[in-house]
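A quick write-up on the structure given underneath.
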Amino acid sequence: MGTLKGKNAFVTGTSQGIGAAIAETLIKAGCHVCLHYFSSDAAPKKLKAAAEANQQKAILVHGD
């Protein structure tokens, strides 16, 4: 994946599995992210911290 620096992405299901992996890849590529989760917020909080450590914007959204 090339650079996505400055782009925005909304990723669902970031508590585990594919959603978390996609979010991590987008963060590494430079995206600002909106991280949706339903059950556990542990993984999304770690992803948010990783994004913010790279001066990227990240927000968490809880929803069903």
Side-chain angles (χ1 to χ4, degrees):
M1 181 179 292
T3 182
L4 295 174
K5 186 174 178 95
K7 300 292 184 177
N8 301 308
F10 179 87
V11 186
T12 62
T14 60
S15 290
Q16 60 184 352
I18 294 171
I22 290 170
E24 182 177 11
T25 301
L26 290 169
I27 290 166
K28 287 179 180 177
C31 277
H32 302 296
V33 291
C34 178
L35 306 166
H36 161 269
Y37 67 97
F38 172 65
S39 56
S40 173
D41 66 352
K45 283 183 177 179
K46 287 180 184 177
L47 291 166
K48 181 179 184 212
E52 290 174 343
N54 293 327
Q55 278 62 58
Q56 293 158 241
K57 296 177 186 173
I59 59 171
L60 301 180
V61 177
H62 177 257
D64 186 1

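For the atom pair CD (E52) and CD1 (I27), the distance works out to 9.5 Å, reported to the nearest 0.5 Å. If you take NZ on K5 and CD on Q55, they are separated by 8.5 Å, rounding to the nearest 0.5 Å. The line from CG of L26 to CG of N8 is 11.0 Å long, rounded to the nearest 0.5 Å. To the nearest 0.5 angstrom, D64 atom CG is 12.5 Å from Y37 atom OH.
Under the 4.5 Å side-chain criterion, counting only non-hydrogen atoms from C-beta, H36 is not in contact with V11. Contact check for V33 versus L47: no side-chain heavy atoms found under the 4.5 Å cut-off.
Across T3, T25, L4, a single residue satisfies side chain to side chain contact (heavy atoms under 4.5 Å, CB included) together with C31, and that is L4.
The two residues P44 and S15 have their closest heavy-atom pair at CD-CA, 4.0 Å. Of all heavy-atom pairs spanning V61 and C34, the tightest one is CG2-SG, 3.4 Å. When every heavy atom of K57 is checked against every heavy atom of H32, the shortest pair comes out as N-ND1, 2.9 Å. In this structure, L35 and A23 approach most closely via the heavy-atom pair CD2-CB, 3.7 Å.
Shown here is I59, whose CD1 atom has more than 12 heavy atoms of other residues, nucleotides or ligands within 6.0 Å. Counting non-hydrogen atoms of other residues, nucleotides and ligands closer than 6.0 Å to CD of Q16 gives a total of 12 or fewer.
Remark: K45 engages D41 in a salt bridge (charged side-chain N to carboxylate O under 4.0 Å, His left out) (not counting sequence neighbours).
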